[in-house]
Amino acid sequence: MDHKLFIDGQWVDGGPLIEVTNKYTGAVIGAVPSARREEVDAALGAANRAARVMADLPAHRRSEILARASARIRERGEELAKTIASEAGKALKYARIEVDRGATTFQIASEEARRLHGETLALDGVPAGEGYFGFYVRRPVGLIAAISPFNFPLNLVAHKVAPALAAGNSLVLKPATSTPLTAVLLCEILEEAGLPPGALNLVVGSGATVGEWMVSDARVAKITFTGSPPVGRRITQLAGIKKITLELGNTSPVIIAPDADLAYASKRCAVGAYYNSGQVCISVQRIYSQRPVYEPFTEAFVQASQAMVVGDPLDERVDVGPMIDVKEAERIEGWVQEAQAGGAQVLTGGRRERGVYWPTVLTDVRPEMKVVAQEAFAPVASVIACDDFEEALRQADETEFGLQVGVFTRDVNRVLQAIRRLNFGGIIINDTPAFRTDAMPYGGNRQSGLGREGVRFAMEDMTNIQLVAIRTG
Ligand code: NAP
């Protein structure tokens with residue numbers, strides 16, 4: 001089925017069609033026109049005009065639109081889940097969870113829209129402020145350029161669109177070129193929900209053209225980007241003076257202390273390493289296990305890895321579907337072979353068929369190997385033996401990234417030590433770094449990004465503080 005771009009409340013044609021495939025079978029499942037410069041310009045112009053309309057829309061109206069969108073996401077849930085499973089290759093059971101989370105993200109935004117407020121200020125706390133009454137309000141920034149990755153085609157788009165609208169902004173959205181169909185459905189849903197024309201515009205096309213035109217445009221007040229670190233760096237070079245949120249990569253570590261519940265930890269690590277074929281920014285990649293529990297943990301983790309059902313993502317029983325394309329599966333196959341050549345052991349997996357890569361456990365890896373040092377973004381995890389907790393903390397933290405980290409321990413002193421020592425945006429105790437709920441602050445330190453998502457926190461980043469000082473004397 002051929003789709004259209006969504007600009008100024010109209011469904012419009014553009015340049016040559018981009019075919020979208022089922023990532024397991026390779027069959028074409030739809031096509032979307034690529035946006036040319038004129039469509040991108042029209043979208044930015046429409047959003048710029050709608051920014052004023054959105055800023056003036058009362059909070060209760062914004063809230064109602066978002067609540068209706070949340071309800072429609074649930075009503076169209078199965079259609080959305082099947083679209084995600086087909087275009088992204090995500091197992092249907094996880095695609096359904098993503099849909100549920102997408103509806104929740106809009107629901108949270110509907111609630112937060114009613115509580116966007118500032119505070120009063122004690123300006124007379126310094127002599128120069130005597131005789132002044134002060135407060136600040138949060139004003140929408142205006143036009144937001146949103147660029148999203150392929151791995152959560154609904155919920156990562158929702159984490160940009162819902163808080164932006166809740167805070168009274170307008171957007172131009174560019175989804176990943178490989179997964180635009182879910183974004184088309186989301187635009188239909190927001191149109192059905194009564195969003196004013198131009199408040200959300202959809203353009204599709206390559207990052208190097210459409211993405212760069214968007215981020216370098218002077219009308220854009222803020223960029224919100226989720227994707228790879230090199231593209232994040234490129235955006236900071238092009239942006240000029242704009243607010244920027246960057247949600248980038250990680251080489252997510254997990255620490256297994258000797259007092260951990262090994263049966264639970266091994267099962268959670270397997271889910272955290274392999275769901276969406278490990279193509280999750282907080283996917284479990286480096287597991288530091290202390291020596292007393294290294295062998296039993298590794299054995300249980302291998303068993304849990306082998307229990308994963310691999311195959312067609314539209315099959316309800318399947319846990320692990322294909323990677324986003326065959327090239328990506330070939331890339332990780334190469335990384336694992338390189339690690340093996342350097343002395344790593346493959347305890348299970350290491351197998352590829354077209355775009356599918358089997359859940360893979362490595363041991364005897366070294367810190368400089370790609371599978372450890374770089375973001376694997378694939379269903380591959382390494383278990384690394386550590387002499388003590390201090391050493392596990394040191395190795396887990398020895399990375400340029402800093403998104404989330406998991407620590408399995410029941411010892412409160414270890415928990416407190418981990419909080420002090422680990423420079424990550426999120427520290428997850430007794431679960432893996434893959435834990436995320438949609439209202440919590442979420443984002444990375446160091447090269448993992450700038451700013452935070454999680455609806456309320458994204459809204460803070462999507463508003464400007466406006467001070468009001470009133471001389472009363
Ligand atoms: P990607 O290649 O960086 O692409 C992300 C988006 O950026 C796509 O829409 C892409 O368009 C666009 N883009 C590419 N080049 C661009 C440019 N020069 N200027 C502007 N936009 C450009 O990332 P991906 O492969 O889709 O996703 C995987 C990465 O995302 C991983 O590194 C992962 O860790 C990260 N991620 C982070 C989070 C988080 O919350 N921290 C969540 C999910 C994923 P095209 O599709 O046309 O290339």
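Residue numbers start at 1 and run along the sequence shown. Read the numbers this way: they start at 1 and go in the same order the structure lists the ligands and their atoms. Side-chain atoms are counted along with the backbone in the values below, which use heavy atoms only and exclude waters and symmetry mates.
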How far apart are the closest heavy atoms of Lys160 and Thr226, and which atoms are they?
NZ-OG1, 2.8 Å

Give every residue pair that meets the side chain to side chain donor-acceptor pair (under 3.5 Å) criterion with at least one member in residues 161-180, sequence neighbours excluded.
none

Around atom CD of Glu19, are there more than 12 heavy atoms of other residues, nucleotides or ligands at under 6.0 Å?
no

Between Tyr94 and Tyr275, what is the ring plane arrangement, given parallel below 30°, perpendicular above 60°, and tilted in between?
tilted

Could you tell me whether Lys23 and Glu328 have a side-chain N and a carboxylate O separated by less than 4.0 Å?
no

May I have a table of the N/O to N/O pairs between ligand 1 and the protein that fall below 3.5 Å, each row giving the two atom names and the distance to 0.1 Å?
{"unit_1": "ligand 1", "atom_1": "3 (O)", "unit_2": "Ser228", "atom_2": "N", "d": "2.8"}
{"unit_1": "ligand 1", "atom_1": "3 (O)", "unit_2": "Ser228", "atom_2": "OG", "d": "2.6"}
{"unit_1": "ligand 1", "atom_1": "9 (O)", "unit_2": "Ser148", "atom_2": "O", "d": "2.8"}
{"unit_1": "ligand 1", "atom_1": "9 (O)", "unit_2": "Lys174", "atom_2": "NZ", "d": "3.1"}
{"unit_1": "ligand 1", "atom_1": "11 (O)", "unit_2": "Lys174", "atom_2": "NZ", "d": "2.9"}
{"unit_1": "ligand 1", "atom_1": "18 (N)", "unit_2": "Glu212", "atom_2": "OE2", "d": "2.7"}
{"unit_1": "ligand 1", "atom_1": "19 (N)", "unit_2": "Gly207", "atom_2": "O", "d": "3.4"}
{"unit_1": "ligand 1", "atom_1": "26 (O)", "unit_2": "Phe150", "atom_2": "N", "d": "3.3"}
{"unit_1": "ligand 1", "atom_1": "30 (O)", "unit_2": "Gly227", "atom_2": "O", "d": "3.2"}
{"unit_1": "ligand 1", "atom_1": "32 (O)", "unit_2": "Glu375", "atom_2": "OE1", "d": "2.7"}
{"unit_1": "ligand 1", "atom_1": "34 (O)", "unit_2": "Glu375", "atom_2": "OE1", "d": "3.4"}
{"unit_1": "ligand 1", "atom_1": "34 (O)", "unit_2": "Glu375", "atom_2": "OE2", "d": "2.4"}
{"unit_1": "ligand 1", "atom_1": "41 (N)", "unit_2": "Leu248", "atom_2": "N", "d": "3.4"}
{"unit_1": "ligand 1", "atom_1": "41 (N)", "unit_2": "Leu248", "atom_2": "O", "d": "2.8"}
{"unit_1": "ligand 1", "atom_1": "46 (O)", "unit_2": "Thr177", "atom_2": "N", "d": "2.9"}
{"unit_1": "ligand 1", "atom_1": "46 (O)", "unit_2": "Thr177", "atom_2": "OG1", "d": "3.4"}
{"unit_1": "ligand 1", "atom_1": "47 (O)", "unit_2": "Lys174", "atom_2": "NZ", "d": "3.4"}
{"unit_1": "ligand 1", "atom_1": "47 (O)", "unit_2": "Thr177", "atom_2": "OG1", "d": "2.4"}
{"unit_1": "ligand 1", "atom_1": "47 (O)", "unit_2": "Gly207", "atom_2": "N", "d": "3.0"}

Minimum heavy-atom separation for Pro149 and Ala176, please, with both atom names.
C-CB, 3.6 Å

